[in-house]
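Everything on this sheet refers to the single structure shown next.
Lettering of chains follows the sequences in order, A, B, ..., and the numbering in each one begins at 1.
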Protein chains: 2
Amino acid sequence: MEIETTRRAPLGRPRGFDADEALERAMMVFWEQGYEGASLTDLTSAMGITRKSMYAAFGNKETLFRKALERYTEGPATYAARALEKPNAREVATAFLAGSVNTTTRPGRPAGCLGVQGSLAAGDSGRVAQDALIAWREDGRIRLRHRFQQAVDEGDLPSDADPDLLARYLMTVANGIAVQAVGGASRSELQQVADAALRNWPPL
Amino acid sequence: MEIETTRRAPLGRPRGFDADEALERAMMVFWEQGYEGASLTDLTSAMGITRKSMYAAFGNKETLFRKALERYTEGPATYAARALEKPNAREVATAFLAGSVNTTTRPGRPAGCLGVQGSLAAGDSGRVAQDALIAWREDGRIRLRHRFQQAVDEGDLPSDADPDLLARYLMTVANGIAVQAVGGASRSELQQVADAALRNWPPL
DNA sequence: AGATTTAGATACCGATCGGTGCAGAAAGAG
DNA sequence: CTCTTTCTGCACCGATCGGTATCTAAATCT
């Protein structure tokens, strides 16, 4: 008897939709409406599949949201990871805010940031998603802090610079940009704000 | 027949609860949970009254929210109006951000800003509240802009200063502070951020 | 007192929420 | 072809949503 056979095509009728595409659509709905604001009807109709197929493919609403958040991180929000790779602290900060402006105001996409939407107010049912987003933002802040610590170690930033403060300052401005974007601020307006925030970099 | 009689005590059984106090409690619930996240059950149990009394006294959930927002403006958010009365632009900006930090991180009160909570993500039922909050923030931004225009006219700010940019910059930082506060940032951390944001004031 | 008006409590309304059960169709393996 | 498995579509579940009807009790007027 062969316990360890090579994995052939999965048995039974194969999935009739593109799971990646469906997840992309779900991400857009969450981005626009938040976790609680996006109903299963909203989600599945945007994904083009039925409730049953969604549950079979993604588990439930919460895991769907987590997968959508992952996709967001690797998709629209990759600007953050790329900014961290810039050669010095000033370029990191500049790229981070420019990416934030770009992503929160790109035409044809929801305004604002998925990581901020729906993470402020929440009823009982949205508490887990709120916590996940708070953790997501904190993770980003910590990565920035490490990067700036590295910059201090390398002599790129002055030795009395405060990596924690610099990271929080940048995150605060980026979060504010996301709020402004939902309120209808234009890309050029927000880029001016980002430029202003960096005019005294580092703000010691 | 007396059409215009002096208004005596209102007929019938007088109200058995303090409407002001009830509104205060409702404001706190909206502040913490947002418009959609706050259910009628949450609200009325916090207010200590029944659904019927709430509808009789405040109309419906939407008008209750609007009145709670008014109360917030005149209560926890008066720092904004007071900041506008400062004698010069730098003091306006400093007081505005300091008030923002204070209000969003005061112990015993919900973290964050009622004007930002629940205004980012919204399902269909929360759209009107979302619009009301966007308008509320825009109103604050416009008041700041007018104040800075006045500062330019008076020579308090340089003639090439951009009141629109300055107002939007301040609002962006304040909104970001509100997001950070919900994420658990402490008062002193956020005050450091506010100080950093003002280190190059005005950011021309 | 008697009339009037509202407070308060309870039960209820239709609609929608996230999540399932079921039946039939469809695609693979043999 | 048959058998097995998973697909899809639809009806349905209990719970909760915002909002209301009903009834009794209480308070202030004439």
Taking CE from Met47(A) and C1' from dT8(D), how many angstroms apart are they, rounded to a whole number?
15 Å
Here the distance between atom P of dA26(C) and atom CZ of Phe17(A), to the nearest Å, is 18 Å
Between Glu32(A) and Met28(A), is there a side-chain heavy-atom distance shorter than 4.5 Å?
no
Separation of dT22(D) C1' from Lys52(B) NZ (nearest whole Å)
9 Å
Rounded to the Å, how far apart are Phe65(A) CZ and dG18(C) P?
13 Å
Side-chain N or O of Ser53(A) versus OP1/OP2 of dT8(D): is the shortest distance under 4.0 Å?
yes
Does the separation of the ring centres of Phe96(B) and Trp201(B) fall below 6.0 angstrom?
no
Looking only at side-chain N and O atoms, does Thr50(A) come under 4.0 Å of OP1 or OP2 in dT8(D)?
no
Can you tell me how far apart CG (Asp156(B)) and CZ (Arg147(B)) are? Round to the nearest 0.5 Å.
6.5 Å
With sequence neighbours left out, the residues meeting side-chain contact (heavy atoms from CB on, under 4.5 Å) with Ala194(A) are Leu97(A), Val101(A), Ile177(A), Gln191(A)
Phe58(A) CZ to dT6(D) P: how many Å, rounded?
17 Å
Check nucleotides 12-19 of chain D for protein N or O atoms closer than 3.5 Å to its own N or O atoms and list the pairs.
{"from": "dC17(D)", "atom 1": "OP1", "to": "Ser39(B)", "atom 2": "OG", "distance (Å)": "3.4"}
{"from": "dG18(D)", "atom 1": "OP1", "to": "Ala38(B)", "atom 2": "O", "distance (Å)": "3.4"}
{"from": "dG18(D)", "atom 1": "OP1", "to": "Lys61(B)", "atom 2": "NZ", "distance (Å)": "2.6"}
{"from": "dG18(D)", "atom 1": "OP2", "to": "Leu40(B)", "atom 2": "N", "distance (Å)": "2.8"}
{"from": "dG18(D)", "atom 1": "N7", "to": "Arg51(B)", "atom 2": "NH2", "distance (Å)": "3.1"}
{"from": "dG19(D)", "atom 1": "OP2", "to": "Tyr55(B)", "atom 2": "OH", "distance (Å)": "2.7"}
{"from": "dG19(D)", "atom 1": "OP2", "to": "Lys61(B)", "atom 2": "N", "distance (Å)": "3.3"}
{"from": "dG19(D)", "atom 1": "O5'", "to": "Tyr55(B)", "atom 2": "OH", "distance (Å)": "2.9"}
{"from": "dG19(D)", "atom 1": "N7", "to": "Arg51(B)", "atom 2": "NE", "distance (Å)": "3.2"}
{"from": "dG19(D)", "atom 1": "O6", "to": "Arg51(B)", "atom 2": "NE", "distance (Å)": "2.9"}

Does some side-chain heavy atom of Gln149(B) sit less than 4.5 Å from a side-chain heavy atom of Asp153(B)?
yes
Out of the candidates Tyr79(A), Phe65(A), Trp31(A), only one should pair with Tyr72(A) under the ring pair (Phe, Tyr, Trp, His ring centres under 6.0 Å) rule; please name it.
Trp31(A)
